[in-house]
Trainee: 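The following block contains the structure, expressed as structure tokens.
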Amino acid sequence: MIIIKTTEEIEKLRNSNQLVSKTLAEIAKYIEPGVTTEKLDKIAEEFIRDNNAIPGFLNYNGYPKTLCTSVNSQVVHGIPSSYVLKDGDVVSVDCGVILDGFYGDTAYSFEIGEVAEPVRKLLRITKEALYLGVEKAIEGNRIGDIGFAIQQHSENAGYSVVREMVGHGLGRNLHEEPEVPNYGSKGTGVKVKKGMVICIEPMINMGKKQIVQEADGWTIRTSDNMPSAHFELAVAVDNGKPDILSTFSYIEQVLKSK
Ligand code: MF3
Ligand code: CO
Ligand code: CO
């Protein structure tokens with residue numbers, strides 16, 4: 001069942017996704033070679049609690065941390081640890097909160113120090129693909145239009161789209177219907193309707209699309225060990241243009257000033 005949100009509910013979802021966006025900007029201040037992913041997790045948890053919200057991933061299906069930090073060939077659901085980020089790494093930081101009963105869920109892939117140009121391009125194309133997908137999240141389109149736009153842009157650059165993990169509806173639950181695949185055909189799938197709130201989150205691999213799960217039972221990585229990128233935004237569907245509830249602007253302001 002797809003839960004359509006009222007204007008008031010969308011404003012609450014905007015607040016929770018804005019808080020996640022600000023939490024990721026807080027992390028942007030500290031993310032550099034030498035910092036552990038565990039330290040970033042602490043910063044995020046403290047920031048979320050200081051803002052009277054609850055970490056949304058902590059204890060979700062038994063997940064042990066506030067963030068998912070997925071480094072290099074890790075795609076998603078990397079668990080923050082004593083791993084020390086080093087020059088040339090890329091790390092997807094995915095964060096969730098619950099504020100006033102509604103979830104926020106947003107992710108950004110960060111470059112650590114000097115990153116090789118082909119990997120920087122992977123990040124650039126993945127973010128572009130996300131925005132191309134977001135543009136399709138308007139009344140009258142279908143879910144397949146979103147996936148098609150993301151897949152086309154990513155594959156045109158020579159990359160591959162992860163199939164097993166998908167975007168999703170967002171509300172009082174972290175994962176609601178519909179599923180939002182990052183691949184698909186134009187004009188197929190569920191109709192996109194005003195009041196739907198969805199997370200669009202392409203996971204794009206530089207090499208092959210296949211993934212494997214690591215022994216910790218959470219971390220997903222590429223089977224060929226090549227790099228992967230992940231960006232995520234929450235979007236409310238409207239007539240005309242999509243209403244993006246999260247933003248990367250706070251993050252990118254911090255990164256520019258570094
Ligand atoms: N943040 C993921 C998503 O974007 C879900 C993480 S669930 C967790 O859908 F349990 F790993 F935190
Ligand atoms: Co997420
Ligand atoms: Co999500």
Side-chain angles (χ1 to χ4, degrees), residues 2-3 5 13-14 16-25 27 37-38 40-42 44-45 48 53-71 74-81 91-99 102-110 126-127 129-131 133-134 137 143 146-147 150 161-183 196-204 211 213-221 228-237 242 244-248 251:
I2 296 175
I3 304 169
K5 276 76 186 183
L13 282 157
R14 191 187 314 282
S16 50
N17 282 286
Q18 287 288 308
L19 177 56
V20 178
S21 304
K22 288 173 185 166
T23 307
L24 291 172
I27 285 158
T37 51
E38 215 159 48
L40 300 177
D41 194 78
K42 285 269 172 310
E45 179 169 3
I48 291 164
I54 302 166
F57 299 165
L58 188 64
N59 301 321
Y60 180 83
N61 292 339
Y63 188 74
K65 296 284 183 181
T66 292
L67 299 177
C68 297
T69 53
S70 309
V71 182
Q74 296 177 344
V75 179
V76 287
H77 301 168
I79 303 174
S81 70
V91 56
S92 148
V93 180
D94 195 339
C95 181
V97 303
I98 309 168
L99 180 62
F102 285 85
Y103 275 91
D105 179 16
T106 300
Y108 194 88
S109 286
F110 293 89
T126 304
K127 202 201 307 176
L130 166 57
Y131 281 112
V134 166
I143 288 293
I146 298 171
I150 293 169
V161 176
V162 172
R163 305 303 158 103
E164 294 87 343
M165 329 282 300
V166 296
H168 51 91
L170 186 73
R172 289 189 181 277
N173 304 296
L174 176 57
H175 295 130
E176 296 184 359
E177 288 180 21
E179 291 196 342
V180 184
N182 300 298
Y183 58 93
M196 277 174 58
V197 173
I198 54 174
C199 285
I200 305 178
E201 49 178 315
M203 288 146 269
I204 305 300
I211 55 170
Q213 189 171 55
E214 291 185 356
D216 62 19
W218 282 102
T219 311
I220 303 294
R221 68 166 174 79
S228 185
H230 174 223
F231 289 86
E232 175 174 27
L233 289 167
V235 183
V237 175
I244 309 177
L245 303 180
S246 357
T247 177
F248 297 148
I251 299 170

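In listed order, ligands and their atoms are each counted from 1.
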Trainee: For residues Pro55 and Glu45, report the shortest heavy-atom separation together with the two atoms involved.
Mentor: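 Scanning both residues, the minimum pair turns out to be CG-CG, 4.1 Å.
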Trainee: For the 3.5 Å polar cut-off, considering only N or O atoms, please tell me whether Glu201 and ligand 1 meet it.
Mentor: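 N/O-N/O distance below 3.5 Å exists for this pair.
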Trainee: With the Co ion (ligand 3) as the reference point, give the N/O/S atom of Glu201 that is nearest.
Mentor: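 Nearest to the Co ion (ligand 3) within Glu201's N, O and S set: OE2.
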Trainee: How long is the straight-line distance from CD1 of Ile27 back to CG of Leu40, given to the nearest 0.5 Å?
Mentor: 6.0 Å
Trainee: For ligand 1, which atoms have a heavy atom of Tyr60 less than 4.0 angstrom away?
Mentor: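 Near Tyr60, meaning under 4.0 Å from one of its heavy atoms, ligand 1 has 7 (S), 10 (F).
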Trainee: Would you mind running through ligand 1 and noting each atom that sits below 4.0 Å from a heavy atom of Glu232?
Mentor: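 It comes down to these atoms of ligand 1: 4 (O).
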Trainee: Search all heavy atoms of Gly78 against all heavy atoms of Ser70 and return the closest pair with its distance.
Mentor: N-OG, 3.1 Å
Trainee: Measure across Glu201 and Asn182 and return the closest heavy-atom pair with its distance rounded to 0.1 Å.
Mentor: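 Heavy atoms of Glu201 and Asn182 come nearest at O-ND2, 3.3 Å.
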Trainee: Going from CD1 on Ile200 to NE2 on His168, what distance comes out if it is rounded to the nearest 0.5 angstrom?
Mentor: 10.5 Å
Trainee: Measuring from non-hydrogen atoms of Cys68 to any atom of ligand 1, is the shortest distance under 4.0 Å?
Mentor: yes
Trainee: With Val75 as reference, evaluate Ile211, Ile204, Thr219 under the side-chain contact (heavy atoms from CB on, under 4.5 Å) test and give the passing residue.
Mentor: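 Testing each of Ile211, Ile204, Thr219 against Val75, the sole residue satisfying side-chain contact (heavy atoms from CB on, under 4.5 Å) is Ile211.
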Trainee: Restricting to N/O/S atoms, is Asp105 within less than 2.8 Å of the Co ion (ligand 2) or not?
Mentor: yes
Trainee: Check for me whether Lys65 has a heavy atom closer than 4.0 Å to any atom of ligand 1.
Mentor: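 No; Lys65 lies far enough from ligand 1 that no heavy-atom distance drops under 4.0 Å.
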Trainee: Quick one: nearest non-hydrogen protein atom to atom 8 (C) of ligand 1, plus distance?
Mentor: Tyr63 CG, 3.8 Å
Trainee: With heavy-atom distances below 4.0 Å as the criterion, list the atoms of ligand 1 near His175.
Mentor: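 Atoms satisfying the 4.0 Å criterion: 3 (C), 5 (C), 9 (O).
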Trainee: Can you tell me the N, O or S atom of His168 that's nearest the Co ion (ligand 3)?
Mentor: NE2
Trainee: Any side-chain heavy atom of Tyr63 sitting closer than 4.5 Å to one from Ile79?
Mentor: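 Yes, side chains in contact.
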Trainee: Check contact between Asn61 and ligand 1, using heavy atoms of the residue and a distance below 4.0 angstrom.
Mentor: no
Trainee: My understanding is that only one of Leu13, Asp94, Val20 makes a side-chain contact (heavy atoms from CB on, under 4.5 Å) with Asp105; could you say which?
Mentor: Asp94
Trainee: Report yes or no: does Ser246 contribute a side-chain atom to a donor-acceptor pair with the main-chain N or O of Ala234 at less than 3.5 Å?
Mentor: yes
Trainee: Within a 6.0 Å radius of atom CD on Glu38, are there more than 12 heavy atoms belonging to other residues, nucleotides or ligands?
Mentor: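 Yes, CD of Glu38 has more than 12 neighbouring heavy atoms, counting only those of other groups under 6.0 Å.
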Trainee: Of the protein's non-hydrogen atoms, which lies at the shortest distance from atom 6 (C) of ligand 1, and what is that distance?
Mentor: His77 NE2, 3.6 Å
Trainee: Glu232: which N/O/S atom is nearest the Co ion (ligand 3)?
Mentor: OE2
Trainee: For Asp94, take its heavy atoms, then give the atoms of ligand 1 lying under 4.0 Å from any of them.
Mentor: 1 (N), 2 (C), 3 (C), 4 (O)
Trainee: Do any nitrogen or oxygen atoms of Asp105 lie less than 3.5 angstrom from nitrogen or oxygen atoms of ligand 1?
Mentor: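 Yes.
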Trainee: What I want to know is whether His168 and ligand 1 share at least one N or O pair that is separated by under 3.5 angstrom.
Mentor: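 So ligand 1 has an N or O lying under 3.5 Å from an N or O of His168.
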